[in-house]
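None of these values were measured; they are calculated from a predicted model. Start at 1 and go down the list; that is how both ligands and their atoms are numbered.
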Amino acid sequence: MNIYHIPNWIDGQDSSVLNDSWLQKYNPHNNEIISCFINSTKFDVDNAIIVAQRAFVCWAEESPVKRGQIITKIARLMADRKDMLVNIIVSETGKSEKDALGEVNASILQADYWASEGMRLFGKSLTSSIPNKHSYTVRKPIGVCGLIVPANTSLANIAWKIFPALVCGNTVVLKASEDAPCIAYSMAKLMEEAGLPKGIVNVIQGVGSVSGNLIVNDSRVKLISFTGSTKTGRIIAEICGRRNARVSLELGGKNPFVVCDDADLDLAVHWALLSSFSNSGQRCSASSRIIVFKSVYAEFRKKFINGAKLLKMGIAKDCDFGPLINERHMLNVLNWIDIAKQEGGEILFGGGKSNSKELLNGYYVEPTIIEHLPEDSVIYKTEIFGPVVTLQSVSNLSEALSLANDSEYGLTSAIHTKSIDRGNWFAHRVNCGVANINFGTFGSEPHMPFGGIGSSGNGTREPGVEALDVYSELKNISVLINENLL
Ligand code: NAD
């Protein structure tokens with residue numbers, strides 16, 4: 001078989017000349033090698049940073065409107081190349097074509113949003129206590145940005161970071177995920193084909209603890225924007241803290257989904273299934289703790305299990321979700337299910353690797369529903385990042401709130417109720433960055449801020465205009481008019 005070799009992309013060209021060490025990427029659907037990607041070293045990272053620093057000089061001077069126009073061209077080329085992008089996502093992540101297309105469309109929308117921001121990039125005009133003094137704020141680029149991404153929504157994760165970084169006038173060293181090397185490489189090539197000057201976006205492949213770590217530690221990289229696990233986020237935060245670099249952290253979640261006694265149960269089941277199992281639960285915003293009022297618990301439980309039984313795994317158009325991203329992660333998820341059993345949890349549905357003949361080689365774990373775990377179960381506290389969900393019952397709304405808030409994480413939440421009072425009371429008190437009433441624990445749209453509290457992040461919000469505070473420096477400019485010179 002002819003294995004595709006993915007080099008780094010530096011200064012508008014393939015870069016792997018001095019490095020002949022390659023890592024393998026497997027298709028999660030069938031465990032076949034689909035590509036090899038370069039195992040980057042200090043030399044590669046250094047090279048990418050030098051190029052990004054050089055490119056910054058001109059890009060920072062370019063007008064934001066022009067930068068936005070280039071992003072518009074990128075969005076158009078992405079739309080022309082949808083099939084290519086979809087195919088890469090399908091083979092690298094094991095998503096169905098339908099889900100991959102959804103992700104490509106969302107990423108194009110993200111590009112459109114940030115392209116138009118080039119015509120705004122608003123500052124403020126300020127009053128002053130001093131006569132004849134006039135002040136205003138402007139947004140300035142930060143410099144070279146190190147963008148580090150996971151593979152769960154492989155293109156969307158890149159789009160969320162790269163477009164706001166570019167429109168603000170920064171240059172980029174993007175660390176591709178080990179699980180999605182080709183999408184990062186292909187996007188960088190596509191962007192330059194669309195008209196982005198060379199050197200502005202550079203892509204480094206390789207192992208996070210090596211090449212990612214080198215980017216994070218480099219004082220020439222002025223901002224680290226990281227999406228990934230809380231464990232890695234903490235390491236990155238420490239390093240950035242020591243060297244006083246700006247850092248944005250979008251981390252894990254353990255998101256509660258509350259079903260009240262007055263909820264439309266069919267609607268609640270529909271959203272609970274999507275929230276828990278879409279993308280095989282590999283969503284920071286996946287609902288992994290379902291909290292149900294006692295009086296409707298039995299009915300919800302029955303409908304939820306029946307719904308899970310109908311879910312179809314695989315990559316075909318009519319499939320609900322695909323495999324986990326790699327074998328190691330699959331084994332981790334299966335291990336958490338074993339721990340749940342050891343703790344006394346009862347597996348109501350699923351609980352193992354798929355035994356379907358067509359999926360046997362892939363990293364498929366069944367949708368898994370667990371109840372009767374002890375109150376102090378480690379499963380309630382840990383982000384499993386797989387198709388695993390727990391059920392708990394409560395007597396009333398305040399009990400539901402205290403269970404929902406019993407977590408170090410605070411990313412998203414959902415509540416199902418017909419009462420606007422209950423819905424809003426809960427939404428205002430639940431500890432998280434995104435609270436949804438009567439739908440799922442789904443994130444944001446390009447113009448809406450997304451992010452979490454506690455172990456889910458460091459308080460930054462991407463995307464939305466709030467992302468401008470991540471990717472630009474605010475400067476206050478004042479002028480004092482000298483009346484003697486009039
Ligand atoms: P991960 O932390 O293992 O890896 C994420 C990225 O960080 C990868 O590119 C990896 O190469 C790199 N990396 C790893 N160690 C590094 C280091 N020491 N220095 C620099 N870079 C390093 O996460 P993952 O398992 O790939 O992704 C799943 C996690 O991401 C989950 O916890 C999930 O909740 C989280 N996530 C969060 C959001 C959000 O917006 N909050 C979105 C998607 C995923």
Pick, from Asn213, Ile235, Thr232, the option with the minimum heavy-atom distance to atom 15 (N) of ligand 1. Thr232
Going through the distances and angles, do Arg234 and Ser455 end up as a side-chain hydrogen bond (donor to acceptor under 3.5 Å, both in side chains)? CA-CA 9 Å; Arg234 286 201 171 105; Ser455 295; 3.0 Å; yes
Looking at Thr390 and Ser288, would you say the former's side chain and the latter's main chain have a donor-acceptor pair under 3.5 Å? yes
Subset of ligand 1 atoms that lie under 4.0 Å from at least one heavy atom of Glu250: 37 (C), 38 (C), 39 (C), 40 (O), 41 (N)
Atoms in ligand 1 with a heavy atom of Ser177 nearer than 4.0 Å: 9 (O)
Considering non-hydrogen atoms of the protein only, which is the closest contact for atom 28 (C) of ligand 1, and what is the distance? Phe385 CE2, 3.4 Å
Determine whether Lys161 and Ser225 satisfy the following criterion, side-chain hydrogen bond (donor to acceptor under 3.5 Å, both in side chains), listing intermediate values before the conclusion. CA-CA 7 Å; Lys161 294 188 184 303; Ser225 175; 2.9 Å; yes
Less than 4.0 Å between a side-chain N and a carboxylate O, is that true for Asp320 and Lys98? no
Say whether Trp160, considering both its backbone and side-chain N or O atoms, lies within less than 3.5 Å of an N or O atom on ligand 1. no
If we ignore angles and hydrogens, is there a donor and acceptor under 3.5 Å between the side chains of Asn8 and Ser40? yes
Would you say Thr227 has any N or O atom under 3.5 Å from an N or O of ligand 1, going by distance alone? no
Taking salt bridge (charged side-chain N to carboxylate O under 4.0 Å, His left out) as the definition, give me every residue that meets it alongside Arg328, ordered by chain and number, with sequence neighbours left out. none
Which atom names give the shortest non-hydrogen contact between Phe277 and Pro387, and what distance separates them? CE2-O, 3.4 Å
Going by the closest heavy atom to atom 2 (O) of ligand 1, which one wins out of Gly228, Gly433, Ser229, Ala176? Ser229
Heavy-atom distance from atom 23 (O) of ligand 1 to the protein below 4.0 Å? yes
Do any nitrogen or oxygen atoms of Val149 lie less than 3.5 angstrom from nitrogen or oxygen atoms of ligand 1? yes
Students should be able to answer this: which protein heavy-atom is nearest to atom 17 (C) of ligand 1, and at what distance? Gly208 O, 3.4 Å
Would you please determine whether Ala151 falls within less than 4.0 Å of ligand 1 on a heavy-atom basis? no
Could you tell me whether the side chain of Glu178 and the main chain of Gly208 form a donor-acceptor pair under 3.5 Å? yes
So for ligand 1, is Glu178 a polar contact partner (N or O within less than 3.5 Å, distance only)? yes
protein heavy-atom neighbour closest to atom 39 (C) of ligand 1 works out as Cys284 SG, 3.3 Å
Quick one: sort the His447 and Tyr113 rings into parallel, tilted or perpendicular, breaks at 30° and 60°. tilted
What protein heavy atom sits nearest atom 12 (C) of ligand 1, and how far off is it? Ile148 CG2, 3.6 Å
Leu251, any N or O under 3.5 Å of ligand 1 N or O: yes
Heavy atom of the protein closest to atom 20 (C) of ligand 1 (residue, atom name, distance): Gly212 C, 3.3 Å
Just to confirm my output: which protein heavy-atom neighbour is closest to atom 18 (N) of ligand 1, and how far is it? Ser209 CA, 3.9 Å
Option set Arg328, Glu383, Gln282, His329, criterion heavy-atom distance to atom 32 (O) of ligand 1, minimum: Glu383
Name all residues meeting the salt bridge (charged side-chain N to carboxylate O under 4.0 Å, His left out) criterion together with Arg120; count only those two or more places apart in sequence or in a different chain, and write none if there are none. Glu117
Run the side-chain hydrogen bond (donor to acceptor under 3.5 Å, both in side chains) test on Asp179 and Asn326 for me, step by step, so that the C-alpha distance in whole Å, both residues' side-chain angles and the decisive distance to 0.1 Å come before the verdict. CA-CA 7 Å; Asp179 292 306; Asn326 59 43; 3.1 Å; yes
Under a 4.0 Å N-O cut-off, is there an ion pair linking Asp46 with Arg220? yes
Heavy-atom protein contact below 4.0 Å for atom 4 (O) of ligand 1: no
Closest protein heavy atom to atom 27 (O) of ligand 1, given as residue, atom name and distance to 0.1 Å: Pro150 CB, 3.4 Å
Any nitrogen or oxygen of Lys175, main chain or side chain, under 3.5 Å from a nitrogen or oxygen of ligand 1? yes
Can you see whether Ser285 engages Thr412 through a side-chain donor-acceptor pair at a distance of less than 3.5 angstrom? no
Nearest neighbour in protein (non-hydrogen) for atom 44 (C) of ligand 1: Asn152 ND2, 3.6 Å
